[in-house]
Asks: 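Can you keep this structure in mind? I'll have questions shortly.
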4 protein chains.
Amino acid sequence: MGAVKTKRMPRAVREQQMMDAAVRTFGQRGYMAASMDEIAELAGVSKPLVYLYLNSKEDLFTACIRREATALVEAVRAGVMPELPADRQLWEGLRAFFTHTAQNPDGWAVLHLQARTREPFAAEVTAMREEIVAFVTQLIVVAAREAHRNPNLPEREVAGLAEALVGAAEALAAWANATPGTTARQAAATLMNFAWAGLGNLMDGRPWSPPPTPES
Amino acid sequence: MGAVKTKRMPRAVREQQMMDAAVRTFGQRGYMAASMDEIAELAGVSKPLVYLYLNSKEDLFTACIRREATALVEAVRAGVMPELPADRQLWEGLRAFFTHTAQNPDGWAVLHLQARTREPFAAEVTAMREEIVAFVTQLIVVAAREAHRNPNLPEREVAGLAEALVGAAEALAAWANATPGTTARQAAATLMNFAWAGLGNLMDGRPWSPPPTPES
Amino acid sequence: MGAVKTKRMPRAVREQQMMDAAVRTFGQRGYMAASMDEIAELAGVSKPLVYLYLNSKEDLFTACIRREATALVEAVRAGVMPELPADRQLWEGLRAFFTHTAQNPDGWAVLHLQARTREPFAAEVTAMREEIVAFVTQLIVVAAREAHRNPNLPEREVAGLAEALVGAAEALAAWANATPGTTARQAAATLMNFAWAGLGNLMDGRPWSPPPTPES
Amino acid sequence: MGAVKTKRMPRAVREQQMMDAAVRTFGQRGYMAASMDEIAELAGVSKPLVYLYLNSKEDLFTACIRREATALVEAVRAGVMPELPADRQLWEGLRAFFTHTAQNPDGWAVLHLQARTREPFAAEVTAMREEIVAFVTQLIVVAAREAHRNPNLPEREVAGLAEALVGAAEALAAWANATPGTTARQAAATLMNFAWAGLGNLMDGRPWSPPPTPES
DNA sequence: TATGAATGAGGGTTCATTCAT
DNA sequence: GATGAATGAACCCTCATTCAT
């Protein structure tokens, strides 16, 4: 099941293999339940090599978190185009988020389920989360101002809204992954609807309309 | 630090102490990292007594999950009054939810962070979560129908909305607990606003208005 | 499954119940694997009572060995009539032995399998065994002399023969118990044949003839 | 007392040392009373290494049984020469048996005393015992037929005789080991005499005659 | 006579980590 | 660059045994 045992690979490649194995193992078993033995075997190398390159279980896990967090933030960032209006930016960001998490379930599990359970890893994840929350916060603030809309949303309120939005996104991602037949696009649409129009408007038949899909 | 070492207590009392210690330890360390030694010490008893009464680490954790899940569902249920309109019911439910999680951070951590990371415990938590999601789902459906509003929200859409709402609530609960000076009431208001009116309306200066507070 | 929980029994009766439970448990599980918990439960009493009456696990086991050893020796002794000729005495003794072991499988297991595995219990069993061996030895010696037969069997040789005979009996007892459809009488006949006539004579068609069975 | 602590041995060697220590410990203490700690110390290694190589206490014990059973059967088989007459074959087999058990008291204890006390190990030993019983059985049958002797010994009778013979051998082995000054050869002679001629003939002064000893 | 409450001690097992090559 | 050999420490769990009533 592990990678084919090829000998004498350059360090960078070996490290990739180890990290891949680690993300998979940590994502499925959790930090504590994952064993270095299993990771080494899955990576197709001996345990001392893992220690030589990645130093310790803790360091290895931290490296996994960082890699996956960076990849997720990257994916979301790459999805949005700053010159678009705020709702379109939000929509694209959500699409990118759901797509990435669906394609990287183990990495997502590491971030969403495993890393938050214990210090000192939680801090690492919190940092990434705050980055995304800040991005969303700014989106809201700028949008409100630009559109001559209510410029007086209090700061704490905005922060809470952003937290709520991100939390909703995370829950929907888990739900979409666990519910067969639900696409990333659908999940994004549901959340966009909810976030933008609110339940009240939805019930009144005034949903937010996703744009047509020429681009994807 | 542990409970005062009182001897010869009746079984029921000792079990309570053990469960309290277990919830605290599991909530802070996670299932795998928590040790029965630590739980026993925190409970002020010897390890064999914990095994005599609670049987095994797995059983103990399961008992914790069940106790905390039941308590949370109870709290939310007790907070809502079925004869009120939907938005008021939602508001009261959220208030109860945020209040309970703020008062039981360890119990909430067990449910939100620790129990989801590994089978077979996840199932236990999923069951409770689904109960709440179902409650919210019905709220939405009934509200839409009653108010002569859009009765045609597709089923899957409604399920997604409920998931999003619950996820948002969970994230806000964590955020509120971690942010000093944020009350359960404020968190509930923020979420209610977000959920009911949506970002679009909020920006247009049309928030949902929380009712005055004679009752609490 | 345990005895009906009757309260306030006289000590002698309670001790019997405990010993019965102990013999059964020790016989089936072995000394080390048997737990005082199981014995107490099977006896229908609380653990402290077992300790009050029988003192310790070791003492309890010793008591079991003594009881069962005495019973077995008693049974064999009661089976033989000293005025009969030697081969008849041997025959009756074997019959009694096989009958008793078949009727007391747990007691026999305690003596045959469990007690010999570890000091200090082995000594207890060895004592009983030597009693039986001595009995058989004397049988052989007296018989040889009485019947004007070879009076010069060397002492060590006779001891060895007795050991062999007893060992054969023990093995046959286990085999008979484990082989459905084999009666104590048949086992006794087989062994008597073997011991008295020897394989050589058996093959020559000159077996020892068991007496008819008016008496049992 | 333990083996000299030599470091960095190849796996095969270490496994041998562990098995040796295990046979000794199991033979003297019994399965349940033997501790992996003691075995590891006697083998001169740490406990984790024992687990790494032998997997578990149960597996280790099973391995011991198999090794000792195989060795014993091998020794007996190697002792007999199929072209000899039946009584000579039996004689040689017994000699080999007593010699081997005298030289491997711990291995013999594992098989004779310890392994029979509890499933699932008993099955392993029973298999070996049956192999020997079958060998003896065939010896008897063939001998009876070849020599124009009684060809009509009933099957069950023959099985019982073989059991008795093997049981007698086992008892004599224990006795010979416990009685100083008793050689394997003497034990074999005693049993051969008993088994072949029977007590009746012995008393009549017609023993079976062991062959002269040019070969050993 | 009888027991519910409680524990010190130890056993099997696993794991992250390191040495020597 | 890579690994076979090896272990200290800790964890879950059980058991014989006792105390207080």
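The chains referred to below are lettered A, B, ... by the order of the sequence lines, with proteins before strands, and numbering in each begins at 1.
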Asks: Between A:Asn55 and D:Tyr31, which has a closest nucleotide on DNA chain E that is more 5'?
Replies: D:Tyr31
Asks: Starting from C1' on E:dT1, measure out to CD on C:Glu15 and report it in whole angstrom.
Replies: 13 Å
Asks: Side chain of A:Ser56 only, please: which of E:dT17, E:dT7, F:dA2 is the nearest?
Replies: E:dT17
Asks: As an exercise, state the distance from CD1 of A:Ile65 to OG1 of A:Thr70, rounded to the nearest 0.5 Å.
Replies: 11.0 Å
Asks: Mind checking if D:Ala33 touches a base, just sugar-phosphate, or nothing, with heavy atoms under 4.0 Å?
Replies: nothing
Asks: Apply side-chain contact (heavy atoms from CB on, under 4.5 Å) to the pair B:Leu111 and B:Arg116, showing each step before the final yes or no.
Replies: CA-CA 7 Å; B:Leu111 296 178; B:Arg116 317 182 93 171; over 6 Å; no
Asks: Distance check needed: E:dT14 C1' versus A:Lys57 NZ, whole Å only.
Replies: 11 Å
Asks: Are the side chain of D:Lys47 and the backbone of D:Glu41 linked by a donor-acceptor contact shorter than 3.5 Å?
Replies: no
Asks: Tell me: CD1 of C:Ile39 to P of F:dT14, nearest whole Å?
Replies: 18 Å
Asks: Atom CG of C:Leu52 to atom C1' of E:dT1: distance rounded to whole Å?
Replies: 8 Å
Asks: Tell me if the side-chain of B:Arg8 makes a donor-acceptor pair with the base of F:dA20, cut-off 3.5 Å, by modelled atom types.
Replies: no
Asks: Report the base-pairing partner of E:dC19 (Watson-Crick or G-U wobble, both distances below 3.5 angstrom), or none.
Replies: F:dG4
Asks: Output the single nucleotide from F:dT14, E:dG12, F:dG1 whose closest atom is nearest the side chain of B:Tyr51.
Replies: F:dT14
Asks: Consider the side chain of A:Met9, meaning its heavy atoms from C-beta on, and name the nucleotide among E:dT3, F:dT7, F:dA2 that approaches it most closely.
Replies: F:dA2
Asks: Between F:dT7, F:dT17, F:dA2, spot the one nearest the side chain of A:Arg14, thanks.
Replies: F:dA2
Asks: From the set E:dT1, E:dG11, E:dA6, return the single nucleotide nearest to any side-chain atom of D:Ser35.
Replies: E:dG11
Asks: Please state how far atom CG in B:Asp37 lies from atom P in E:dA9, giving the value in whole angstrom units.
Replies: 14 Å
Asks: Is E:dT14 paired to anything, Watson-Crick or G-U wobble with both distances less than 3.5 Å, and if yes, which nucleotide?
Replies: F:dA9
Asks: I'd like to know if D:Lys47 reaches the base of E:dT13 with its side chain such that a donor and an acceptor end up less than 3.5 angstrom apart.
Replies: yes
Asks: Using a cut-off of 4.0 Å on non-hydrogen atoms, how would the nucleic acid contact of C:Ala34 be classed: base, sugar-phosphate, or nothing?
Replies: sugar-phosphate
Asks: When you compare the side chains of A:Arg67 and A:Gln16, does any donor N or O come within less than 3.5 Å of an acceptor on the partner?
Replies: yes
Asks: For the pair C:Lys57 (side chain) and C:Tyr31 (backbone), establish whether a donor and an acceptor sit closer than 3.5 Å, ignoring hydrogens and angles.
Replies: yes
Asks: I want to verify a distance call: between F:dA5, F:dT7, F:dA2, whose nearest atom is closest to the D:Arg11 side chain?
Replies: F:dA5
Asks: Is F:dT14 paired to anything, Watson-Crick or G-U wobble with both distances less than 3.5 Å, and if yes, which nucleotide?
Replies: E:dA9
Asks: Distance check needed: E:dT1 P versus C:Met18 CE, whole Å only.
Replies: 10 Å
Asks: Separation of D:Glu58 atom CD from E:dG11 atom C1', in whole Å?
Replies: 15 Å
Asks: Of all the choices, F:dT7, E:dG12, F:dC13, which nucleotide is nearest to the side chain of D:Ser46 once you look at every atom?
Replies: F:dT7
Asks: Side chain of C:Leu49: nearest nucleotide among E:dT7, E:dG11, E:dT3?
Replies: E:dT3
Asks: A:Gln17 CD to F:dG1 P: how many Å, rounded?
Replies: 14 Å
Asks: From the set F:dG1, F:dT7, E:dA6, return the single nucleotide nearest to any side-chain atom of A:Tyr53.
Replies: F:dG1
